[in-house]
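Report on one structure; see the data block that follows.
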There are 2 protein chains.
Amino acid sequence: MLSIGELSRATDCKVETIRYYEKIGLMPEPARSAGNQRRYGERHRDRLHFIRHSRQLGFSIEAIRELLSLADHDHQDCAAVDALTRHHRQEVEARIRSLAALRDELDRMLRDCAGGDIAHCGVIQTLADHGRCDSEHI
Amino acid sequence: MLSIGELSRATDCKVETIRYYEKIGLMPEPARSAGNQRRYGERHRDRLHFIRHSRQLGFSIEAIRELLSLADHDHQDCAAVDALTRHHRQEVEARIRSLAALRDELDRMLRDCAGGDIAHCGVIQTLADHGRCDSEHI
DNA sequence: TTAAATAGCTGTAGTCACTACAGATAGACG
DNA sequence: CGTCTATCTGTAGTGACTACAGCTATTTAA
């Protein structure tokens, strides 16, 4: 059996985060030692690995809750899992496109900045006047 | 003079957000009507435009606070503004790269999912076992 | 002129996914 | 046995808003 600190090291997940996952019902309540400390088994470790990996991939807590519940029912078709993943992928893709537009806009601003006084600084002027920039990032 | 609702429409910024910016000291306290309602002038509108545009470009409130203070001192060299913008641009670029790695990982998971039982679902298995995937997204 | 509808006021609490702390108890090691 | 580290619970803080409750101002139509 693992203490919460051992589980923390095994999964690279902070102790506080583990307790947080338990509080919101993402991790089940573990057994306790005689002195009321949490004791975890392999199933807890596997589940926490699953959660942390999903978080690293950007899934929201609610999405993970659903993935976990789907994963618990082996006999079901995995179409639902697939759909959830595909949806998440589309959101990531959209976020990338939006950030790329931002980066390009920042580059334009920096190109326009010839140095010298703030009064003529391209960055400040672009920030002050939205009309001057391509508005693709909205 | 503009009411808070008019300013809101003029800058596409919610009324609550305007009051929030005032509370955190990003927007100055405006004049008030006889009945204690906020009344804004052009300078307020320009400043709010600046703030909103900067937020759309992903600058944090603290970064904007600094940009505003730099912009207020016309005589200073704009190197500081440039540096702030460049730094932000690097962060955006890093975020893009990290998200692209996530997207690729999600694509790999989806390719591995041949349909059928959850028990053999590539998505669930990858989520359950971090070792199976390229770890570039960490 | 007055009633109704809309807009605005303050202050507090909620969001997400944690993170940090305070003050207490448990367990490990010499 | 003492000391040190780990763990316990509960609460509050983060960023950048957003939502709501219960009140007052202002505008518009009758």
Side-chain angles (χ1 to χ4, degrees), chain A residues 1-27 29-40 44 47-48 50-68 88 91-92 95 98-99 102 137-138, chain B residues 1-27 29-40 44 47-48 50-68 88 91-92 95 98-99 102 137-138:
Chain A
M1 298 294 262
L2 303 168
S3 72
I4 197 168
E6 287 162 345
L7 180 63
S8 166
R9 281 184 292 279
T11 57
D12 204 26
C13 175
K14 295 198 174 183
V15 166
E16 291 89 347
T17 306
I18 298 173
R19 284 196 286 250
Y20 167 71
Y21 288 160
E22 181 183 325
K23 195 164 68 179
I24 64 170
L26 204 58
M27 286 290 288
E29 294 187 18
R32 296 280 182 149
S33 74
N36 200 37
Q37 297 192 352
R38 289 169 179 82
R39 291 295 177 258
Y40 296 95
H44 289 100
R47 191 178 176 96
L48 189 49
F50 185 101
I51 294 169
R52 289 312 291 170
H53 192 196
S54 303
R55 285 293 298 136
Q56 276 159 4
L57 288 168
F59 284 96
S60 72
I61 295 282
E62 285 319 302
I64 295 171
R65 215 186 278 280
E66 209 165 326
L67 283 171
L68 281 166
H88 179 52
E91 285 183 351
V92 170
R95 185 94 188 101
S98 153
L99 284 174
L102 290 197
H137 56 77
I138 299 187
Chain B
M1 299 293 264
L2 303 168
S3 72
I4 197 168
E6 286 162 345
L7 180 63
S8 167
R9 282 185 291 279
T11 56
D12 205 27
C13 175
K14 294 198 177 182
V15 165
E16 290 89 348
T17 306
I18 298 174
R19 285 196 285 250
Y20 167 70
Y21 287 161
E22 182 182 324
K23 195 164 68 179
I24 65 171
L26 204 58
M27 286 290 286
E29 293 186 18
R32 296 280 182 149
S33 74
N36 199 37
Q37 298 194 353
R38 290 169 178 82
R39 292 296 178 260
Y40 296 96
H44 289 99
R47 190 178 177 97
L48 189 49
F50 185 101
I51 294 169
R52 289 314 291 171
H53 192 196
S54 303
R55 285 292 300 135
Q56 276 159 4
L57 287 167
F59 285 95
S60 72
I61 295 283
E62 287 318 303
I64 295 171
R65 217 186 276 280
E66 210 166 325
L67 284 172
L68 280 166
H88 179 50
E91 285 184 351
V92 169
R95 186 93 188 103
S98 152
L99 284 174
L102 290 197
H137 57 77
I138 299 186

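- Ion pairing of B:E62 with B:R65 is present here, as a side-chain N (NZ or NE/NH1/NH2) and a carboxylate O approach within less than 4.0 Å.
- If A:Q37 and A:I61 are placed on DNA chain C by their nearest nucleotide, the residue sitting closer to the 5' end is A:I61.
- Counting only heavy atoms from C-beta outward, the side chains of A:T17 and A:R52 approach each other to under 4.5 Å.
- The phosphate of C:dG8 has neither OP1 nor OP2 within less than 4.0 Å of any side-chain N or O from B:R38.
- One atom, CD of A:E62, and another, P of C:dC16, lie 7 Å apart when rounded to the nearest Å.
- Rounded to a whole Å, the CE atom of B:M1 is 16 Å from the C1' atom of C:dG8.
- Here the side chain of A:S3 is nearest to one of D:dT7, C:dA20, C:dC18, namely D:dT7.
- At whole-Å resolution of the value, OH in A:Y40 and C1' in D:dT7 are 11 Å apart.
- Listed nucleotides C:dT12, D:dT18, C:dG27 differ in distance to A:S33; the shortest reach to its side chain belongs to C:dG27.
- Side chain of B:N36, nearest nucleotide from C:dC9, D:dT7, D:dT11: C:dC9.
- Side-chain atoms of B:V92 and B:L57, non-hydrogen and from C-beta on, never get closer than 4.5 Å to each other.
- For the pair B:R9 CZ and C:dT6 C1', the computed distance is 11 Å after rounding to whole Å.
- Rounding to whole angstrom units, OH of residue A:Y20 and P of C:dA20 are separated by 15 Å.
- Here D:dA16 presents its P atom at 12 Å from CD1 of B:I51, a figure rounded to the nearest Å.
- Residue A:Y21 is the one, among A:Y21 and A:G35, whose nearest nucleotide of DNA chain C lies closer to the 5' end (criterion: closest heavy atom).
- Side-chain proximity of B:I4 to C:dG8, C:dC18, D:dT7: nearest is C:dG8.
- With C:dC18, D:dT18, D:dA16 as the choices, the nucleotide that has an atom nearest any side-chain atom of B:T17 turns out to be D:dT18.
- Across D:dC17, C:dG8, C:dC18, the shortest atom-to-atom separation from the side chain of A:R52 is found for C:dC18.
- Considering only side-chain atoms of B:R39, the nucleotide from D:dC8, C:dT10, D:dT26 that sits closest is D:dT26.
- The CD-P distance, from B:E6 to C:dG8, rounds to 7 Å in whole Å.
- Here the nucleotide nearest the side chain of B:R19, chosen from C:dT19, C:dG8, D:dT7, is C:dG8.
- Formation of a donor-acceptor pair under 3.5 Å by the B:S54 side chain with backbone atoms of B:F50 is found in this model.
- For B:E16, taking side-chain heavy atoms from C-beta onward, the closest of the listed nucleotides D:dA16, C:dA20, D:dA19 is D:dA19.
- Rounded to whole Å, the distance from CG on B:D12 to P on D:dC17 is 13 Å.
- Here the side chain of A:R55 pairs a donor or acceptor atom with the backbone of A:F59 at under 3.5 angstrom.
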